[in-house]
Number of protein chains: 2
Amino acid sequence: MNSSSSSPKVPIPTLERLATYLRFLIDLEASHVETISSTDVEKQTGINAAQFRKDLSYFGEFGKPGVGYNVQELQARIARILKIDQLQPIMVIGAGNLGSALIGYPGLTEHKFHIAAAFDRDPAKIGCLQGNLMILDEADVCTVNADIGARIAIICVPASAAQGVADTAILAGVKVILNFAPIILRVPERIVVRNVSFLQELAVLSYHLSSDTKK
Amino acid sequence: MNSSSSSPKVPIPTLERLATYLRFLIDLEASHVETISSTDVEKQTGINAAQFRKDLSYFGEFGKPGVGYNVQELQARIARILKIDQLQPIMVIGAGNLGSALIGYPGLTEHKFHIAAAFDRDPAKIGCLQGNLMILDEADVCTVNADIGARIAIICVPASAAQGVADTAILAGVKVILNFAPIILRVPERIVVRNVSFLQELAVLSYHLSSDTKK
DNA sequence: GGCACGCTGTGATGAAATTCACAATCGCCT
DNA sequence: AGGCGATTGTGAATTTCATCACAGCGTGCC
């Protein structure tokens, strides 16, 4: 629903949960837990145990009957499935509030994502340092990416500019897009887009306030 | 899957799309479009026409057969359904990169959301102005919210602190939570939580890079 | 060694969401 | 005035996702 095209077999909700499992496993590993069972996962995350097992089953066998899963090994295998076992270069387009926040977000590197370049269209921003990253001219996306080879773009520009920069990014060789602008991007079949929208999330939450009959 | 509790009848995906429709309709209105049909919606947003009609059908009848929907009226009605037809006070907890970005995000006011208070735990930040909002002490969430009456909280603190501030916010009378921390919050049944996770989104996108057999 | 328990992996079942398809309605055109 | 093309609203069919339930395996205990 969120993506233009999807892989043949694996459900998208499964992929979303994989990322959750990964995060969870990393924490477990930090706590020196060596083994975990699917029922433990359910207890600690609220995700159904059978769901967990089935999600994993799309990618092979991971656990030992009667024992459970080796935390470290499972963590490593999920990371490999999600292709975040090696540094992944990313371009950020739009260095406003949100773009800057992303550039400064430490969690990215922690998960092997690396912001290789940041662009903006505002001359006042171009050339400025953001953290240790220089803001580049949006017009140079293509030439710069010839060097960098980023296949992931994060779009943080206002809605009105989003479609344009998406087109540019795709031209520059980007394969997947994380879109923070509150519009639906029109892209070729082969490009995968995921949208993140605070406004949408807030709207859903706002709706749920109604069910409180309490004054 | 994302929310703890849900309304009796309306599917959550429908609510998510309603926010999309709303945004789309606002844009149409700005372009002085008066009427639109469900097939037009499909052409312009990619969302199936029947889906659009069914989504609306959960809330009554909106269109005229043979004609379509009045943009302005539909926009107003969806806004009322989502309860974003009147200013909604929100509290933001955590004034780091992300929290600051949210505070400065103009789209929020545009959609009748109003950040009434922002909190942090870092003494260096407390008392500082962020835009025209003073950062308050996280310890004062309860007392401050007695005045403000925010029922929505946005959590922008690191994962390790998220559960704690969620508990506090709930104690302070918050009913729904937008959680940006990459953990699964444990909350009472009645509280609705929605999670936003860049990392998760990026992971899903990263996975899709595999399907590019191109070297 | 054999038995009993615990846990995995998965086919079968059930629930939920999406899409289809069509009767009912509206406005326009003649 | 009456018929026709367009479009809605919605039961039914389809597809997708989540859960159940159990056979089979591995482990440790007696």
Side-chain angles (χ1 to χ4, degrees), chain A residues 1-21 25 28 33-71 73-74 77-78 81 184 200 204, chain B residues 1-21 25 28 33-71 73-74 77-78 81 184 204 207:
Chain A
M1 177 257 297
N2 235 350
S3 317
S4 316
S5 77
S6 59
S7 294
K9 303 189 85 98
V10 184
I12 293 191
T14 290
L15 292 175
E16 294 175 353
R17 282 188 297 268
L18 279 186
T20 304
Y21 302 150
L25 290 166
L28 281 185
V33 177
E34 296 207 343
T35 300
I36 193 164
S37 72
S38 60
T39 33
D40 289 340
V41 171
E42 172 160 1
K43 269 179 214 131
Q44 294 185 53
T45 70
I47 296 174
N48 181 284
Q51 180 86 77
F52 176 76
R53 296 199 300 274
K54 177 151 289 216
D55 284 342
L56 294 180
S57 77
Y58 289 104
F59 304 97
E61 311 203 344
F62 294 78
K64 282 207 187 91
V67 181
Y69 301 84
N70 178 286
V71 171
E73 187 204 327
L74 186 57
R77 289 187 64 180
I78 293 181
I81 290 168
I184 296 173
Q200 182 170 301
V204 174
Chain B
M1 178 257 298
N2 236 349
S3 318
S4 319
S5 79
S6 60
S7 293
K9 304 188 83 98
V10 184
I12 294 191
T14 290
L15 293 175
E16 294 176 353
R17 282 187 298 268
L18 279 186
T20 303
Y21 304 149
L25 289 166
L28 280 184
V33 177
E34 296 207 342
T35 301
I36 192 162
S37 71
S38 59
T39 32
D40 289 340
V41 171
E42 172 160 1
K43 268 178 215 132
Q44 294 184 54
T45 69
I47 296 173
N48 181 285
Q51 180 86 80
F52 176 76
R53 298 199 299 276
K54 176 149 291 217
D55 283 343
L56 294 180
S57 76
Y58 288 104
F59 304 97
E61 311 205 344
F62 294 77
K64 281 207 189 91
V67 181
Y69 301 84
N70 177 287
V71 171
E73 187 205 326
L74 186 56
R77 289 186 63 181
I78 293 181
I81 290 168
I184 298 174
V204 174
Y207 172 83

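The model shown is predicted, which means the values in this text are computed figures rather than measured ones. Each chain gets a letter, A, B and so on, in the order the sequences are listed, and its residues count up from 1.
Of the inter-residue distances, the one linking L25(B) atom CG with T20(B) atom OG1 reads 10.5 Å to the nearest 0.5 angstrom. To the nearest 0.5 Å, atoms CZ (R17(B)) and OG1 (T14(B)) are separated by 4.5 Å. To the nearest 0.5 Å, atoms CZ (R53(A)) and CG (N48(A)) are separated by 8.0 Å.
Using a 4.5 Å heavy-atom threshold, the side chains of I36(A) and L28(A) count as touching. With a 4.5 Å cut-off on side-chain heavy atoms, Y21(A) and L18(A) count as touching. In this structure, F52(B) and T45(B) have side chains that are not in contact, with every pair of non-hydrogen atoms separated by 4.5 Å or more.
Summarising the geometry of A49(B) relative to S38(B), their closest heavy-atom pair is CB-O, 3.5 Å, with the distance given to 0.1 Å.
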Sequence neighbours left out, cut at 3.5 Å: what donor-acceptor pairs do the side chains of residues 56-70 of chain B make with other protein atoms?
unit_1	atom_1	unit_2	atom_2	d
S57(B)	OG	K54(B)	O	2.6
N70(B)	OD1	Q72(B)	N	3.1
N70(B)	OD1	E73(B)	N	2.8

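Distance K43(B) NZ to dT7(D) P: 8 Å, rounded to the nearest Å. Distance, D40(A) CG to dT8(C) C1': 13 Å, rounded to whole Å. Per the geometry, CD belonging to E42(B) stands 9 Å off P belonging to dC20(C), to the nearest Å. In this structure, the CG atom of L74(B) is 14 Å from the C1' atom of dG9(D), given to the nearest Å. Put simply, OH on Y69(B) is 14 Å from P on dC26(C), counting in whole angstrom units. We find that OH of Y21(A) is positioned 14 Å from C1' of dT8(C), with the value rounded to whole Å. Atom P of nucleotide dT8(D) and atom CD of E73(B) are separated by 13 Å, given to the nearest angstrom. With rounding to whole Å, K9(B) atom NZ is found 12 Å from dT10(D) atom P.
Residue-environment remark: CD (E34(B)) stays at or below the threshold of 12 foreign heavy atoms within 6.0 Å.
Using a 4.0 Å cut-off, no side-chain N or O of R17(A) falls inside it from OP1 or OP2 of dC17(D).
Residue-level contact check: S38(B) touches the backbone only, with heavy atoms under 4.0 Å from sugar-phosphate atoms and none from bases.
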Using a cut-off of under 3.5 Å, enumerate the N/O to N/O pairs linking the protein to nucleotides 24-30 of chain D.
unit_1	atom_1	unit_2	atom_2	d
dG26(D)	O4'	P65(A)	O	3.4

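Residues from residues 46-56 of chain B that place a heavy atom under 4.0 Å from any atom of DNA chain C, listed by number: N48(B), A50(B), Q51(B), R53(B), K54(B).
Listed nucleotides: dC7(C), dT10(D), dA18(D). Nearest to the side chain of S57(B): dT10(D).
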